[in-house]
Amino acid sequence: MFYCTSIWLETTINSTQHLNEPLLDHRAGQRFLTEAFKVILEEVLCKGIDVNEKVCEWHEPEELATLLDLELRENGEQQHQLLQRVRDVAKYSVKTNHPRFFNQLFAGVDYHALTGRFLTEALNTSQYTYEVAPVFVLMEDEVLSKLRSLVGWAQGDGIFCPGGTVSNMYAMNLARYRAFPEVKLKGQRALPRLAVFTSQESHYSVMKAAAFQGIGTENVFKVKVDDRGCMITDDLSEKIELAKSQGAVPFLVHATSGTTVRGAFDPLEPIADICDRQGLWMHVDAAWGGSVLFSKEHRHLMRGVERADSVTWNPHKMMLTGLQCSAILLKDTTDLLKRCHSADATYLFQQDKFYDMSLDTGDKSIQCGRKVDCLKLWLMWKAVGSQGLEERVDRAFAHTRYLVEKMKKREGFQLIGKPEFVNVCFWFIPASLRGKENSPDYQDRLSKVAPVIKERMIKQGTMMVGYQPQGGRVNFFRMIVISPQLSYKDMTFFLDEIERLGNNL
């Protein structure tokens with residue numbers, strides 16, 4: 001008995017001595033971080049923007065899994081092994097900062113925004129209360145206010161969200177709450193059949209939001225678009241009346257400024273007129289196109305946006321803040337955002353705090369923990385100013401015009417309409433298909449061209465550009481021109497490379 005007690009005491013003393021020391025070795029950790037930053041700087045931010053380097057180092061999934069040694073084991077690895085892991089992650093990842101990455105609606109790098117992202121991660125705080133995020137609560141308010149002023153609102157509300165899809169979900173939820181506030185307490189039993197209206201070419205998040213919020217995808221009425229991909233307002237009016245005739249209650253029109261594929265801008269003024277007459281919430285999904293508001297030359301594309309009730313805007317796209325940075329902006333001044341989403345958690349939003357409780361903005365959000373997304377935008381904006389951001393927008397349009405003019409002069413490139421934005425959609429017609437448009441298998445053969453060219457460019461690592469079918473159109477390329485790193489040389493390279501990769505098809 002005495003022997004067992006002695007062992008227990010000795011173990012307890014040793015454990016206590018161990019617990020008196022930090023578990024983490026901060027000096028070792030900081031040395032590792034210093035070395036890891038060197039790897040990031042070299043592999044991602046030097047090689048990653050070099051046109052002589054590959055956009056991606058392609059490997060099949062099984063081979064890549066082996067190269068990365070993904071298995072998680074019982075014991076940890078040495079620092080030199082971990083640094084190799086960092087190198088491997090950088091080496092085998094797609095370089096979205098590369099000048100010839102045209103695949104998504106984001107590209108390039110802004111070093112001030114990137115510094116904000118590093119700082120945010122290092123500080124590791126949540127945006128929900130002033131007591132844990134005093135700097136960022138005030139900063140978010142300033143950034144949102146500035147974005148709203150570009151929309152045309154002197155007052156209003158808003159919040160940063162994890163992406164445009166969630167921002168659009170906020171808009172739908174707010175519109176429903178305004179129309180039927182009892183839904184928050186009673187749920188679906190308090191609601192009639194509801195109807196949402198959006199264009200045929202709007203973002204798929206509208207359907208996701210309708211499904212997620214129990215409205216139902218069958219109750220999303222798709223409005224016809226014109227040859228440019230813009231919503232036809234006469235059909236919107238007809239769809240609203242159709243929904244009413246079916247016993248549904250219209251409550252939301254979801255317009256788009258900069259559609260995902262063709263970059264089309266819905267006509268906001270006539271849409272606003274319809275919403276005013278019908279008493280409907282007007283939301284503008286400007287996740288992609290919102291940044292035209294910085295440009296005096298191009299902001300006309302969103303004429304009438306100030307009449308909307310809410311706007312989604314993703315600065316992580318054309319403004320290059322880096323993922324993720326998305327805001328839902330509201331004209332509302334009645335605290336609708338908080339009333340709709342608040343749960344009054346007493347352990348977080350105590351009402352007897354020693355500062356102004358209105359600074360605890362977290363109860364506006366459907367999240368609890370919320371990443372700081374305002375710092376990267378704020379720091380970048382501070383660095384280049386509104387004028388610098390305007391220059392980026394105008395430069396992207398200029399490069400788009402250049403590319404289109406060069407494309408018109410090259411045999412084999414067939415544009416899908418005149419671009420309204422910086423989305424250049426086209427078919428590449430190989431020599432074997434030219435002049436054979438009337439052949440019965442032409443469309444089928446054409447549909448296979450883009451996937452093969454895409455596979456070749458990725459495996460060779462020369463560039464990345466997206467493709468898709470849409471409506472009755474078979475697969476076509478969607479070239480996105482936004483990175484401020486781009487030059488006319490890159491536009492010429494793009495055309496030459498498409499020809500090189502596809503001419504023998």
**Prompt:** With a distance cut-off below 6.0 Å to the six-membered ring centre and an angular limit of 45° from the axis, does R339 pair with Y177 as a cation-pi contact?
**Reply:** no
**Message:** Suppose we call two aromatic rings close when their centres sit under 6.0 Å apart. Are Y467 and F476 close by that rule?
**Reply:** no
**Request:** Might you point out which heavy atoms bring L486 and I482 nearest each other, and give the distance in Å?
**Result:** CD1-N, 4.2 Å
**Carboxylate-amine/guanidinium proximity below 4.0 Å for D157 and K331** = no
**Message:** With no hydrogens and no angle check, just 3.5 Å: does a side-chain donor-acceptor pair link Q324 and K376?
**Reply:** no
**Prompt:** Just wondering, do I49 and Q485 contact through their side chains at under 4.5 Å, heavy atoms?
**Reply:** yes
**Request:** Using distance alone, with no hydrogens and no angle criterion, decide if N173 and H341 have a side-chain donor and acceptor under 3.5 Å apart.
**Result:** yes
**Prompt:** Can you tell me how far the OG atom of S310 sits from the NE2 atom of H254, to the nearest 0.5 Å?
**Reply:** 9.0 Å
**Test of ring centre spacing under 6.0 Å for F265 and W288** = no
**Message:** Testing the basics here: between W153 and E306, what is the closest heavy-atom pair and its distance to 0.1 Å?
**Reply:** NE1-O, 2.8 Å
**Asked** Are F118 and F37 an aromatic pair by the rule of ring centers under 6.0 Å?
**Response** yes
**Asked** Could you go step by step and tell me if E182 and K186 meet the salt bridge (charged side-chain N to carboxylate O under 4.0 Å, His left out) rule?
**Response** CA-CA 6 Å; E182 61 270 27; K186 297 180 179 179; over 6 Å; no
**Asked** Does D373 come within less than 4.0 Å of K371, counting only side-chain N to carboxylate O?
**Response** no
**Prompt:** Between S202 and T198, which heavy-atom pair has the shortest distance, and what is it?
**Reply:** OG-OG1, 2.9 Å
**Polar side chain donor-acceptor pair, Y355 to D360, under 3.5 angstrom** = yes
**Request:** Answer with yes or no whether the side chains of N168 and H283 bring together a donor and an acceptor at under 3.5 Å.
**Result:** yes
**Prompt:** How many angstroms lie between CG in L330 and CG in L336, if you round to the nearest 0.5 Å?
**Reply:** 7.0 Å
**Fill in**
Here the gap from E201 atom CD to K224 atom NZ, rounded to the nearest 0.5 Å, amounts to 14.0 Å
**Message:** If you count heavy atoms of other groups shown closer than 6.0 angstrom to CG of D356, is the number above 12?
**Reply:** yes
**Message:** Working to the nearest 0.5 angstrom, can you tell me the gap between C325 SG and L377 CG?
**Reply:** 5.0 Å
**Prompt:** Ion pair present between D110 and R117, side-chain N to carboxylate O less than 4.0 angstrom?
**Reply:** no
**Message:** Could you report the tightest heavy-atom contact between L348 and T129, atom names first, then the distance?
**Reply:** O-CG2, 3.8 Å
**Asked** Does R178 come within less than 4.0 Å of D332, counting only side-chain N to carboxylate O?
**Response** no
**Message:** Show the nearest heavy-atom pair for residues D266 and G229, with the distance to one decimal.
**Reply:** OD1-O, 4.2 Å
**Message:** Centre-to-centre under 6.0 Å for F421 and F397, is that the case here?
**Reply:** yes
**Request:** Could you verify whether a donor N or O on one side chain and an acceptor N or O on the other, from Y204 and T260, lie under 3.5 Å apart?
**Result:** no
**Complete:** Closest non-hydrogen contact found for S199 with V225 is CB-CG1, 3.8 Å
**Item:** Donor + acceptor pair across side chains of S487, D490 (<3.5 Å)
**Value:** yes
**Message:** Any donor-acceptor pair under 3.5 Å linking the side-chain atoms of W313 with those of S326?
**Reply:** no
**Item:** N-O pairing of R307 and E269 below 4.0 Å
**Value:** yes
**Prompt:** Judged by modelled atom types alone, do H316 and T321 share a side-chain donor-acceptor pair under 3.5 Å?
**Reply:** no
**Request:** Please test K454 against N475 for side-chain hydrogen bond (donor to acceptor under 3.5 Å, both in side chains), starting from the C-alpha separation and ending with a verdict.
**Result:** CA-CA 11 Å; K454 176 70 175 277; N475 286 324; over 6 Å; no
**Prompt:** Do the non-hydrogen side-chain atoms of L45 and N97 ever get within less than 4.5 Å of each other?
**Reply:** yes
**Prompt:** Would you say the side chain of Q200 lies within less than 4.5 Å of the side chain of V223, judging by non-hydrogen atoms?
**Reply:** no
**Request:** Would you kindly say whether T256 and D285 are connected by a side-chain donor-acceptor distance under 3.5 Å?
**Result:** no
**Item:** Pair E140 + R370, salt bridge at N-O below 4.0 Å
**Value:** yes
**Message:** One pair to check against salt bridge (charged side-chain N to carboxylate O under 4.0 Å, His left out): K239 and D235. What are the steps and the verdict?
**Reply:** CA-CA 6 Å; K239 288 294 194 304; D235 191 58; 2.8 Å; yes
**Message:** Show, in sequence, the C-alpha distance, side-chain angles and deciding distance for K244 and Q278, and conclude whether the side-chain hydrogen bond (donor to acceptor under 3.5 Å, both in side chains) test is met.
**Reply:** CA-CA 11 Å; K244 289 180 179 178; Q278 298 281 354; 2.7 Å; yes
**M491 and V481, any side-chain heavy atoms less than 4.5 Å apart** = yes
**Prompt:** Got I240 and F221 here, is their nearest side-chain heavy-atom distance under 4.5 Å?
**Reply:** no
